[in-house]
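See structure below.
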Amino acid sequence: MSVKERLGLTTEPLYLMDGSAFIFRAFYAMQSMQRSDGFPTNALFIVTRILLKFLKDEQPTYFGFILDGKGKNFRHETYPEYKANRSATPEPLVQQLDPIKQAVRTLGLHLEISDNCEADDCIASLAARYKKERPVIIIGADKDLKQCLDENVFMWDPGVKQEKLTTLAEFREETGLEPSQWADFQAIIGDSSDNIPGVPGIGPKTAEKIFADYPTLEAIRDNFDALAPTLQKKFADHLENMFTFRTLTTLSTAQCDSLTLDHFRIDPIDGDKTADFLREYELRALLKDVAALAPVSAKVNTPATAKPAASDKPAAKSGTGSMQLGLFDAPAAPAAAPVAGHGSHAPEHGTNGNANRTSSLKLEDVTDVSALPDCSGKRIALVPMGEMLKRPECTMPSLLDMTAEEAKPEACIINVHVEGSDREYRYSGSLTALAGYATTADTVIAPDVKALLSIKSGWRSVESSRWFDLGLAAYLLDPEDRDYSWRRLSARADEFEVAAENPAQLAFALADDFMRRLQGADLVTLMRELELPLIRVLADMEEIGIHIDGTAFTAFLTEVQRELDRLTKAIYEAAGGSFNIRSAQQLGDLLFNKLGLKPKGKTKGGQISTSQAVLEKLAGEHEVIDLILEYRTLEKLRSTYLEPMPRLADAQGRIHTTFNQLATATGRLSSSNPNLQNIPVRGQFGPRMRACFTARKGCKLVSADYSQIELRVLAHCSQDPTLLEAFRNDQDIHSSTASVLFDVPTTEVSSDQRRNAKTINFGLVYGMGPQKLAQELKISLTEAKEFIERYFSKLQQLKAFYEQVEANAKEHGYVTTLIGRRRNVPEIQSGNNQMQSQARRQAINTVIQGSAADIIKIAMLRTAQDAELKTLKARLVLQVHDELLLEVPTENAEAAARRLADIMTGVHPGGTALDVPLKVDYGIGDGWHEAH
DNA sequence: GCGAATGA
DNA sequence: TCATTCGC
């Protein structure tokens with residue numbers, strides 16, 4: 001219901017908006033939003049959004065958008081300190097002032113800026129003048145404006161959180177004051193934003209009581225003797241000041257006298273002009289609001305970023321293959337490779353010579369899926385033109401009921417192209433509607449599918465098999481890159497020998513190129529059957545999150561903090577002074593200069609190392625060392641886990657990590673925001689830490705992890721008899737290795753021998769070099785090399801496998817895992833010995849670790865799709881490389897655990913079982929520690 | 001060795 | 001950016 005209806009007005013009101021205040025509020029309500037050239041648009045967007053909504057809801061006739069006029073006004077003359085505490089207006093806001101003024105005028109609204117006159121005074125003057133003939137509704141929240149309230153003057157604040165309509169009666173009710181007293185009231189209590197101190201010691205509550213007896217400043221002064229002694233004391237020094245303050249808090253009613261009502265009459269909005277303005281500033285999310293007010297021509301326009309028309313440019317780099325040929329010519333495009341799934345055929349190569357046939361697509365803005373061409377059975381490309389917002393419903397507060405989706409307008413613009421169409425659409429309508437539309441497509445090409453699934457707008461209704469994820473494809477083709485964002489992929493178009501005028505068109509071209517290369521590298525099955533379906537599993541896990549025990553976290557943090565305080569004191573005492581213990585530099589200075597300890601090594605950057613290893617060597621030389629080691633441990637615990645985790649929990653106490661599928665060169669997943677894959681497990685505090693991760697009420701956590709999965713993979717790949725036998729007989733692998741290595745029966749392996757064998761086994765898995773091994777085993781480099789030599793002479797078959805991997809890498813330039821995942825290792829050809837060794841270790845490490853990653857990914861997919869686990873209501877919540885964590889209703893926990901272990905054990909990568917059994921340990925508990 | 005996070 | 005430390 002409109003405001004004028006709520007007030008029951010019969011005469012058309014005059015609306016006066018405190019524009020300056022709204023601009024400020026808008027600017028700070030939303031951080032960073034900008035046009036593609038970097039021009040800030042956050043305040044412009046919100047102000048325009050407010051005005052559009054206002055016009056639509058209120059259907060006003062008279063309206064004024066009032067801004068502060070330039071120059072000093074009477075207040076500065078009266079009181080030089082007036083607003084002296086205001087810092088300079090931020091530059092990004094200044095830049096937006098002119099566009100905002102332009103927006104107001106474009107919408108057909110009156111803009112009022114009177115020199116030497118603040119917006120408030122202008123509003124007060126106009127209100128005082130027009131309230132005699134019609135209602136006045138002041139749109140604003142500034143408390144100074146309350147003095148304008150009257151039988152016929154109202155205040156309305158559309159509000160950040162909640163809108164508020166204030167009438168005279170409500171004002172009286174709330175304050176017990178009359179509007180005419182408001183300036184007096186403010187003069188006493190002060191106003192920090194205007195730098196008016198008021199009378200010290202008098203707050204709103206005291207002031208209200210005083211005003212009940214003495215309704216004006218004059219009355220207070222005249223009855224000074226009658227005031228309570230305490231009040232007398234407070235007022236004594238300010239009896240004159242408060243009158244000065246009142247001249248500041250009193251709004252002038254003598255301004256803007258040349259304005260007539262006609263100035264405020266609203267002109268009809270010009271839909272096309274407004275739409276052009278919005279496009280200029282890339283505020284396309286508002287187009288639909290304009291369309292609701294006035295007709296907007298369905299305009300086919302060139303890109304907003306003033307590029308020359310597409311046809312003016314040479315279409316593609318000559319001589320390079322352009323993928324567009326025929327792609328967009330209806331009805332069929334036989335030369336192009338149909339992307340992903342559904343009977344795709346081998347593509348034709350040899351696209352050279354067609355470079356000039358780039359078909360340039362016309363761009364069209366649409367806000368409704370009904371304006372998009374039918375895509376059933378066709379391929380479509382969807383390219384979000386901004387960052388997608390994850391979980392939009394719990395982001396920032398919004399003005400005027402904005403959803404966060406609207407608040408970040410560029411985020412919900414998606415460029416759409418449908419195979420065979422001569423258009424590319426800039427879609428700014430409902431994402432849910434677009435998702436529904438995409439459901440009918442044969443294939444949906446997008447740069448980042450998980451980002452779409454995560455915004456919860458119905459994208460999960462598009463079957464996994466219909467997606468083509470450009471980032472994923474690029475990752476599978478070359479997992480070494482750090483960045484598979486659309487920004488980067490589109491910037492690399494030249495490198496991929498692909499060209500297109502528009503984003504969605506480019507997505508098509510890239511998809512075709514990637515598909516061709518995936519087929520060439522035999523990666524299509526891996527993508528379609530594992531990685532692509534896994535996206536949905538990861539999105540689900542992220543959304544579900546893991547429950548934490550907030551109370552346990554808090555208690556833990558308190559204890560750790562107390563210990564840290566104690567250690568800090570002890571360290572300062574032992575060190576003979578205070579310093580920043582967290583600073584490696586200051587710590588080094590203390591240890592090696594002030595205390596004269598001997599440095600035990602340097603860091604990569606040449607600084608003296610203060611690492612744990614060094615400190616441990618120094619232990620016993622000075623009492624601070626132990627204290628510092630303990631401090632480090634606790635500080636790590638506090639800063640990395642205890643402090644941040646509870647803050648990341650949602651209202652249900654659950655933490656939602658992000659699983660990155662495109663992060664590692666070997667094929668493993670990574671976790672971030674927060675990283676839940678490095679929660680402490682060992683050490684003094686590991687168990688307690690993990691116990692803080694719990695199942696929700698009525699549920700248990702089920703943890704299942706592969707035992708020695710990398711070494712089992714290694715046994716399978718190398719067929720080394722020592723390893724095969726050990727695993728087939730379910731023996732302790734490190735003891736078995738030690739037994740062979742040191743020529744002693746398994747039963748007589750010493751704990752030292754076992755530990756050495758374990759270290760080298762580990763080293764193999766992680767691609768450790770002799771240097772690292774020496775460090776780890778605390779032996780010399782020569783000894784380490786000899787040790788490795790001995791190891792390989794005892795495990796001949798393993799050695800042969802390593803050599804084979806190396807030869808393979810040298811021959812092809814890449815290595816592959818059990819199911820054909822690839823990693824390029826070009827440095828294996830390097831003349832640099834160091835580089836070559838590094839590449840060799842990477843090659844081997846990738847085969848082992850990558851194959852293990854394949855196995856657990858397959859297990860994850862099976863787990864997520866398993867009907868039995870579904871009926872048991874078991875939900876995957878975490879993956880930690882070789883471990884899966886489920887949350888299951890207590891009564892089903894045991895069954896789910898057994899089922900999960902079965903699934904994990906039964907993984908057959910590439911269709912056949914490994915030559916050694918996969919062993920899985922599992923547990924059940926309320927917390928992660930107990931379950932593990 | 002890798003990936004993530006923290007703090008100077 | 002570097003140094004450090006957690007997990008696997």
Side-chain angles (χ1 to χ4, degrees), chain A residues 479-480 482 579-589 601-616 628-645 647-648 657-686 689-690 693 705-711 713 758-773 775-776 823 825 834 837-850 852-853 855-856 878-885 928 932:
Chain A
E480 295 257 33
R482 303 291 301 159
F579 65 103
N580 188 342
I581 309 167
R582 282 160 297 201
S583 162
Q585 216 161 12
Q586 291 185 37
L587 180 61
D589 182 58
K602 295 199 171 178
T603 67
K604 270 191 219 139
Q607 293 182 49
I608 303 169
S609 172
T610 62
S611 70
Q612 191 170 352
V614 169
L615 260 44
E616 273 162 8
I628 287 165
L629 281 168
E630 200 181 341
Y631 180 94
R632 279 244 178 109
T633 308
L634 292 173
E635 173 60 17
K636 175 82 183 179
L637 211 59
R638 184 197 66 78
S639 67
T640 314
Y641 308 106
L642 296 175
E643 192 97 314
M645 292 289 172
R647 281 191 286 108
L648 293 168
T657 186
T658 299
F659 287 107
N660 196 336
Q661 202 176 358
L662 320 179
T664 73
T666 57
R668 275 184 174 182
L669 298 175
S670 81
S671 153
S672 57
N673 289 309
N675 181 354
L676 293 182
Q677 291 181 323
N678 73 342
I679 305 299
V681 60
R682 282 181 291 273
Q684 197 187 346
F685 302 104
M689 185 77 246
R690 290 219 169 182
F693 291 81
D705 64 296
Y706 283 111
S707 157
Q708 306 290 0
I709 189 167
E710 282 100 348
L711 288 174
V713 166
K758 185 177 173 179
T759 307
I760 195 166
N761 281 338
F762 246 89
L764 293 173
V765 167
Y766 293 134
M768 217 182 260
Q771 221 148 23
K772 191 83 186 172
L773 185 71
Q775 210 178 52
E776 204 72 24
R823 176 179 184 182
V825 276
Q834 179 107 35
S837 300
Q838 163 94 353
R840 188 167 48 237
R841 287 196 299 270
Q842 282 178 350
I844 288 155
N845 179 232
T846 299
V847 174
I848 304 168
Q849 205 176 87
I855 291 171
I856 193 146
L878 273 190
Q879 188 256 40
V880 191
H881 306 308
D882 63 354
E883 173 186 10
L884 294 179
L885 208 60
W928 193 1
H932 191 67

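These values consider heavy atoms only, across backbone and side chains, with no hydrogens, waters or symmetry-generated copies. Chain letters run A, B, ... following the sequence lines, proteins first and then strands; every chain starts at 1. Not measured: the values here are computed from a predicted model.
- Comparing C:dC6, C:dC8, B:dT6 by their nearest atom to the side chain of A:Arg690 picks out C:dC8.
- Residue A:Thr610 is classed as a sugar-phosphate contact, given heavy-atom separations below 4.0 Å to backbone atoms only.
- Across all strands, A:Gln607 comes closer than 4.0 Å only to sugar-phosphate atoms, never to a base (heavy-atom distances).
- Note on A:Ser670: a side-chain N or O is less than 4.0 Å away from OP1 or OP2 of B:dA4.
- Counting to the nearest Å, the C1' atom of B:dA8 and the NZ atom of A:Lys636 are 14 Å from each other.
- Side-chain nitrogen and oxygen atoms of A:Arg682 include at least one within less than 4.0 Å of the OP1 or OP2 phosphate oxygen of C:dC8.
- Ranking B:dG1, B:dA5, C:dG7 by closeness to the A:Tyr766 side chain, first place goes to B:dG1.
- Contacts of A:Gln586 with the nucleic acid, taken as non-hydrogen atoms under 4.0 Å apart, are absent.
- Counting only heavy atoms from C-beta on, A:Lys604 has its side chain closest to C:dA3 among C:dC8, C:dA3, C:dC6.
- A:Glu710 comes within 4.0 angstrom of no nucleic acid atom, judged by non-hydrogen atoms across all strands.
- In this model, the phosphate group of C:dC2 is not approached by any side-chain N or O of A:Gln585 to a distance below 4.0 Å at OP1 or OP2.
- Residue A:Arg582 has no polar side-chain atom (N or O) positioned under 4.0 Å from OP1 or OP2 of B:dG7.
- Remark: A:Arg632 is in phosphate contact with C:dT5, judged by side-chain N or O atoms under 4.0 Å from OP1 or OP2.
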Can A:Trp928 and A:Leu676 be said to form a side-chain contact (heavy atoms from CB on, under 4.5 Å), step by step?
CA-CA 12 Å; A:Trp928 193 1; A:Leu676 293 182; 5.6 Å; no
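- The residue A:Ala852 sits apart from the nucleic acid: no heavy atom pair falls under 4.0 Å.
- One atom, OH of A:Tyr641, and another, P of B:dA4, lie 13 Å apart when rounded to the nearest Å.
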Evaluate side-chain contact (heavy atoms from CB on, under 4.5 Å) for A:Leu615 paired with A:Ile628, printing each intermediate quantity in order.
CA-CA 9 Å; A:Leu615 260 44; A:Ile628 287 165; 3.7 Å; yes
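- Atom CD in A:Gln661 sits about 14 Å away from atom P in B:dA4, given to the nearest Å.
- The separation between A:Glu480 atom CD and B:dC2 atom C1' is 11 Å, rounded to whole Å.
- To the nearest 0.5 Å, atoms OH (A:Tyr631) and CZ (A:Arg582) are separated by 4.0 Å.
- Annotation for A:Gln586: atom CD counts as buried by contact number, over 12 foreign heavy atoms lying within 6.0 Å.
- Taking only side-chain nitrogens and oxygens, A:Thr664 never comes nearer than 4.0 Å to OP1 or OP2 of B:dG3.
- Straight-line distance from the CD atom of A:Glu635 to the C1' atom of C:dT5: 12 Å, rounded to whole Å.
- Between A:Ser609 and C:dT4, a side-chain N or O to OP1/OP2 separation shorter than 4.0 Å is present.
- A:Val765 comes within 4.0 angstrom of nothing in the nucleic acid, heavy atoms only.
- Counting only heavy atoms from C-beta on, A:Thr603 has its side chain closest to C:dA3 among C:dA3, C:dC6, B:dA5.
- Here B:dC2 is the nucleotide among B:dC2, C:dT4, C:dC8 with the atom lying nearest to any side-chain atom of A:Gln838.
- For A:Arg668, no side-chain nitrogen or oxygen approaches OP1 or OP2 of B:dA4 to under 4.0 Å.
- The separation between A:Leu878 atom CG and C:dG7 atom P is 15 Å, rounded to whole Å.
- Looking only at distances, no side-chain donor or acceptor of A:Arg823 sits under 3.5 Å from a matching main-chain atom of A:Pro479.
- The distance from atom CD1 of A:Ile855 to atom CD of A:Glu710, rounded to the nearest 0.5 Å, is 9.5 Å.
- Shown here for A:Met645 and A:Asn675, the closest heavy-atom pair between the two residues is CE-O, 4.3 Å.
- The residue A:Asn845 sits apart from the nucleic acid: no heavy atom pair falls under 4.0 Å.
- When heavy atoms are screened at a 4.0 angstrom cut-off, A:Asn580 is found touching the sugar-phosphate backbone but no base atom.
- For A:Pro644, counting side-chain heavy atoms from C-beta on, the closest listed nucleotide (B:dG1, B:dT6, C:dC6) is B:dT6.
- The phosphate of B:dT6 has neither OP1 nor OP2 within less than 4.0 Å of any side-chain N or O from A:Arg638.
- Looking at heavy-atom distances under 4.0 Å, A:Leu637 makes no contact with the nucleic acid at all.
- B:dT6 atom C1' lies 15 Å from atom CG of A:Leu634, rounded to whole Å.
- Distance CD1 (A:Ile848) to P (C:dC8): 18 Å, rounded to an integer number of Å.
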